[in-house]
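Note sheet for the following structure.
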Amino acid sequence: MSPTRITSLLSVGALALASLVSPARAEETVKVGVLHSLSGTMAISETSLRDVLLFTFDEINAKGGVLGKKIEPVVVDGASNWPLFAEKAKQLLEQDKVAVTFGCWTSVSRKSVLPVYEKNNGLLFYPVQYEGEEESKNVAYTAEAVNQQATPAVDYLLAQGVKKFYLLGSDYVYPQTTNLVLLEYLLSKGVPIENIGGGFRKDASGKIISAGKYTPFGHTDYQQIVAEIKQFSAGGGAAVVSTLNGDTNVPFFKEYAASGLTAESCPVVSFSISEDEFRGLPADKLVGQLGCWTYFQSIKSPANKKFVADFQAWLGKSTVPGIVKDGRVTCSPMVLSYDGVYLWKACVEKAGSFDVDKVREAWKSGVSFDGPGGKVTTQPNMHLTKNVFIGETKADGQFKILKSFDNVYGEPWLKGKFTK
Amino acid sequence: MRKTFIVISAFLAGFVAVFAEAPQAIIARAAVAKSEKTQGEILTELMGNADESILPLLDAWRKDRLFLYEAPAKPTSVVLLDGAKDAQGAQQATDIITGKPLAVRLVADDLNAATHSANLRRIMKAVLDLTDLSSANPAKKLGAIAAIGQGQQIEKLPALEKRLAVETDPRAIKALREALALVRLRSPDAAVKLAALKELEALESLASTDFVKTVIKDAAAAKDERLLSAARSALQAVERHRTVVDFGGTLFRSLSLGSILIIVALGLAITFGLMGVINMAHGEMIAIGAYTTYVVQNLFANGLALSPFGFSIGLPGLHATGWWRESYFLFALPLSFLVAAAAGILLERGVIRFLYRRPLESLLATWGVSLLLQQLLRLTFGANNVQVGSPAYLSGNWIVGDVLLGWNRVFVIGFATLIVVGVWLVLTRTSVGLLIRSVTQNRSMAACMGVRTERVNMLTFALGSGLAGLAGAFLSQIGNVGPSLGQSYVVDSFMVVVVGGVGDLVGTVISGLGIGSFDQFTQQYSPTVAGALANVPFVGGALQNLAQDSAVFGKILVLCVIILFLQWRPSGLFAARSRSLD
């Protein structure tokens with residue numbers, strides 16, 4: 001091979017390389033972090049959020065990006081490991097210098113990354129319903145606060161003539177805190193304490209520090225609890241308020257159905273079961289049971305129809321390794337992630353800068369976005385005003401919307417707020 | 001004259017139409033009403049003056065098949081769609097008031113279905129309850145009776161009394177008496193109230209608790225001593241009965257949990273107990289059984305498409321229906337045994353036979369195998385849980401003296417008994433059993449006597465794994481089927497076998513039942529003793545709160561007791577006297 005040949009080959013190679021690299025160089029990008037568990041126990045839920053985020057970035061990039069810059073996602077895996085979440089957050093903020101992060105599902109992962117974001121003055125968008133009692137200037141809570149899910153659901157049940165409430169949950173911070181708030185709320189609504197089932201735990205002074213019945217993650221034996229609910233509901237007018245998480249719902253609902261309890265004799269309203277969770281649950285056992293979210297896939301609005309269709313089309317074409325394409329649905333945490341990206345875009349555009357302090361000021365000034373679940377508006381307390389829907393489970397794993405509450409203000413501080 | 005007659009008759013017809021509105025018309029009026037409250041009020045009018053003819057309409061309403069049709073420049077009409085769909089998806093529409101088909105064909109997706117909330121459905125139910133009282137379906141009838149009782153509407157008394165006079169089913173008679181007594185608690189007549197309380201006391205009605213408590217509150221406020229004492233004594237009788245029911249229920253639940261523990265541990269009692277292999281992959285054998293059930297279920301239904309490692313495999317389904325489809329579980333049981341046994345043979349031939357004399361290595365190797373199998377299941381069936389439905393014969397219940405006996409639980413107790421007896425017969429009454437026992441007691445001596453120990457090992461391991469597979473088939477009926485199903489049971493299995501005494505089936509049975517009962521009784525009674533626990537020095541408060549979380553407390557206490565027990569008897573309940581374990 002002659003030297004000229006080699007040079008020409010090399011130059012061709014260099015050209016090819018340059019052509020590969022050049023588009024990325026020619027346009028400026030803004031780095032955005034995605035911090036979800038893509039492996040481990042939470043991967044089933046959190047991978048859906050990564051998918052919807054990547055979809056949203058593509059959608060925005062196709063329309064020119066944010067402030068003329070394309071979004072460049074930096075996806076990291078929290079691996080359902082809470083200390084690892086903090087390390088990955090540190091990496092995103094200190095090495096990758098992302099402008100904003102979308103991430104976390106469990107409250108414990110949020111609590112573990114919180115100090116990292118506060119120290120580096122980063123900005124985290126958190127999309128999953130949570131227990132409140134927190135308000136950090138470094139977190140934009142697109143999530144449902146307790147008064148955007150639990151209390152509207154209870155209002156609905158009270159309006160339906162339910163007089164007795166059995167509180168049941170998985171044993172961790174979200175159910176425990178939510179049930180305490182609910183206890184105060186129910187008492188303030190005139191429900192006598194003997195009509196609240198599940199038991200109470202008190203501190204030395206006799207103050208109730210925990211209400212309801214709790215089971216550990218992965219619990220399989222719900223015989224005794226269902227027998228208790230059966231007696232609790234024997235006189236009619238009872239409902240179960242469930243914050244059971246993930247797959248413990250399967251043995252619970254199987255036992256529930258086998259004991260002859262039905263949605264008519266004693267409805268269960270669950271706060272942790274959305275359309276996405278139904279992919280692993282026996283939906284036929286849950287027909288008629290209730291859910292409460294700020295979005296249901298069954299919402300009949302043009303915006304939602306377009307969102308669902310676009311997401312499915314994106315999935316079909318997606319080349320993300322290992323992405324699940326069949327049987328996908330959309331659910332509230334996914335839509336709140338989607339809304340979050342657009343709200344961030346709107347805030348950046350209003351502020352004219354990616355600077356976290358300026359973006360926050362824009363957020364606090366009140367920015368709106370018309371999402372698939374209706375209009376969402378940012379609030380000075382870093383939460384969102386949004387619509388809340390009560391839905392009833394259908395056999396195909398979708399919800400039929402029974403009632404909606406429009407523009408509910410997100411209020412994180414609820415403990416001690418309800419008094420008789 | 002003739003003209004006058006026509007006018008009068010037209011007037012009369014209008015009069016009749018206004019004052020005896022057809023139930024269909026009432027339903028149509030309710031369906032188009034604006035607010036849920038008005039809808040409820042209109043539907044309430046149907047109570048008592050509706051016949052069976054409205055059943056299909058209310059049913060359609062509840063199932064979202066009652067549609068509102070807004071023809072241009074006409075009031076909204078309420079229609080039912082039926083018949084075949086044409087190319088545009090349109091169906092024939094029938095106006096429910098006239099019962100006549102409309103000129104236009106309509107598409108269901110373009111129309112709004114009449115809305116309904118749980119509250120409205122409850123009113124529809126109340127309407128139907130009165131027709132349901134004479135239903136041929138016993139569950140429906142009992143539900144209707146209970147609903148009327150809980151509603152406590154005096155005006156429904158005659159309907160109940162009429163029914164009681166002709167009822168023959170003893171369960172329905174009891175329910176009717178209970179419902180009558182509950183409704184009579186609202187009677188203005190003091191004597192009727194007292195009699196109702198007496199009746200509830202005699203019936204020991206658990207459902208009446210809240211209602212009797214209300215009576216007590218009212219009587220105390222009104223200082224009515226006679227009523228108060230009668231109500232109190234009724235409540236006492238109910239509470240006494242509740243104690244008995246709770247105890248019976250706990251006993252039954254103990255048996256059922258014990259049976260589950262026995263089923264999951266029995267296979268391990270053979271592989272670990274008899275053969276001495278610390279088999280960490282036991283849980284995955286359970287999972288294989290559960291997934292086999294899932295596959296069989298889908299084969300009976302519409303087939304299954306799997307894509308392990310990028311290959312796509314499509315299994316055709318039988319498209320069975322009705323009883324035939326429900327019987328899939330009976331086929332799944334032997335199949336899950338066979339599939340898990342085959343997996344066991346592979347595991348034994350591939351890994352374990354090289355490690356018989358090295359228990360620690362076998363522990364690590366089988367743990368590795370367990371991780372591999374989990375990933376394999378994940379790749380084949382996906383990371384999400386899969387759904388295994390319960391056939392109808394496993395999803396009902398019996399109520400015996402207010403104790404709830406779920407059919408799946410009764411089944412597991414019978415099933416456990418059957419396989420324990422079966423395994424015992426195999427081990428003690430067959431030549432294979434004799435060989436298994438001889439090899440596990442002294443391998444070298446058995447080999448000297450001409451027993452093909454390699455082969456016996458393989459068979460024993462297959463038996464143990466097959467039993468784990470059976471356990472999996474059953475567990476698919478009460479819990480999750482997912483790749484990590486085995487992990488949640490492997491610890492329990494080891495616990496049962498170790499407590500029972502390695503190498504003894506009787507030990508496994510007793511320890512399974514013991515652990516199950518201990519767990520259930522702590523769950524049931526720990527909130528009751530929580531108050532007493534408060535008196536424990538230093539940790540009293542914490543213990544009291546912990547005891548409220550009965551499910552967690554039960555588990556903690558079981559583990560503590562097992563630790564203490566093993567301090568006392570390190571080799572379990574029944575210590576095996578076998579040289580192979582020395």
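Letters A, B, ... are given to chains in the order of the sequence lines, protein chains preceding strands, and every chain is numbered from 1. Atoms considered below: every heavy atom in the structure, side chains included; atoms not considered: hydrogens, waters and symmetry mates. The structure presented is a predicted model; accordingly, all values stated were derived computationally and were not measured.
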Please examine the side chains of A:Ile193 and A:Ile208, heavy atoms only from C-beta on, and report whether any two atoms are closer than 4.5 Å.
yes

Segment of B:Asp64 engaging chain A (4.5 angstrom heavy-atom cut-off):
side chain

B:Lys213 versus chain A, heavy atoms under 4.5 Å apart: side chain, backbone, both or neither?
neither

Does a side chain donor of either A:Gln289 or A:Thr393 reach within less than 3.5 Å of an acceptor in the other side chain?
no

Would you find more than 12 non-hydrogen atoms of other residues, nucleotides or ligands less than 6.0 Å from A:Lys325 atom NZ?
yes

Will you find, in the side chains of A:Tyr174 and A:Asn245, an N or O donor that is under 3.5 Å from an N or O acceptor?
no

Let me know if A:Asp171 has heavy atoms under 4.5 Å from chain B in its side chain, its backbone, both or neither.
side chain

If I measure from the heavy atoms of chain A, does B:Val245 come under 4.5 Å with its side chain, its backbone, both, or neither?
side chain

Report which part of B:Ser390 has an atom under 4.5 Å of a heavy atom belonging to chain A: side chain, backbone, both, or neither.
both

Heavy-atom proximity to chain B below 4.5 Å, by part of A:Lys163
neither

Interatomic spacing from CG in A:Leu290 to CD1 in A:Ile273 - rounded to 0.5 Å
11.0 Å

Counting heavy-atom pairs under 4.5 Å with chain B, which one of A:Lys400, A:Glu264, A:His219, A:Lys213 comes out on top?
A:Lys400

By a 4.5 Å heavy-atom criterion (distance strictly below it), what part of B:Gln477 contacts chain A: side chain, backbone, both, or neither?
backbone

What part of B:Arg121 gets within 4.5 angstrom of chain A, counting heavy atoms only: side chain, backbone, both, or neither?
side chain

Heavy-atom pairs under 4.5 Å with chain B - which of A:Asp221, A:Val324, A:Asn249 has more of them than the others?
A:Asp221

Is A:Phe200 close to chain B through its backbone or its side chain, or both, or neither, when contacts mean heavy atoms under 4.5 Å?
backbone

With only heavy atoms counted, which part of B:Leu404 is less than 4.5 Å from chain A, the side chain, the backbone, both or neither?
side chain

Cut-off 4.5 Å, heavy atoms of chain A, and the answer for B:Asn480 is both

How long is the gap from CG on A:Leu49 to CH2 on A:Trp105, to the nearest 0.5 Å?
5.0 Å

Of A:Val241, A:Leu244, A:Val268, which meets side-chain contact (heavy atoms from CB on, under 4.5 Å) against A:Leu168?
A:Leu244

Does A:Asp203, at its CG atom, have more than 12 non-hydrogen atoms belonging to other residues, nucleotides or ligands within less than 6.0 Å?
yes

Quick one: list whatever passes salt bridge (Lys or Arg N to Asp or Glu O under 4.0 Å) with A:Arg201, sequence neighbours left out.
B:Asp549

With chain B, which of A:Glu392, A:Lys403, A:Lys394 has the greatest number of heavy-atom pairs at distances under 4.5 Å?
A:Glu392

Do you know which of B:His116, B:Glu36, B:Arg409, B:Gln487 has the most heavy-atom pairs with chain A at a distance under 4.5 angstrom?
B:Arg409

Please classify the contact of A:Leu157 with chain B as side chain, backbone, both or neither, using a heavy-atom distance under 4.5 Å.
neither

Can you give each donor-acceptor pair under 3.5 Å made by side-chain atoms of residues 224-234 of chain A, sequence neighbours left out, with the distance rounded to 0.1 Å?
unit_1   : atom_1 : unit_2   : atom_2 : d
A:Gln224 : NE2    : B:Gln524 : OE1    : 3.3
A:Glu228 : OE2    : A:Tyr166 : OH     : 3.0
A:Lys230 : NZ     : A:Ser259 : O      : 2.8
A:Gln231 : OE1    : B:Arg242 : NH1    : 2.7
A:Gln231 : NE2    : B:Asp246 : OD1    : 3.0
A:Ser233 : OG     : A:Ile229 : O      : 3.0
A:Ser233 : OG     : A:Lys230 : O      : 3.3

Counting heavy-atom pairs closer than 4.5 Å to chain A, which one of B:Thr209, B:Leu182, B:Leu257 comes out on top?
B:Leu257

Give the minimum heavy-atom separation between B:Phe521 and B:Ser254, together with the two atoms involved.
CE1-OG, 3.4 Å

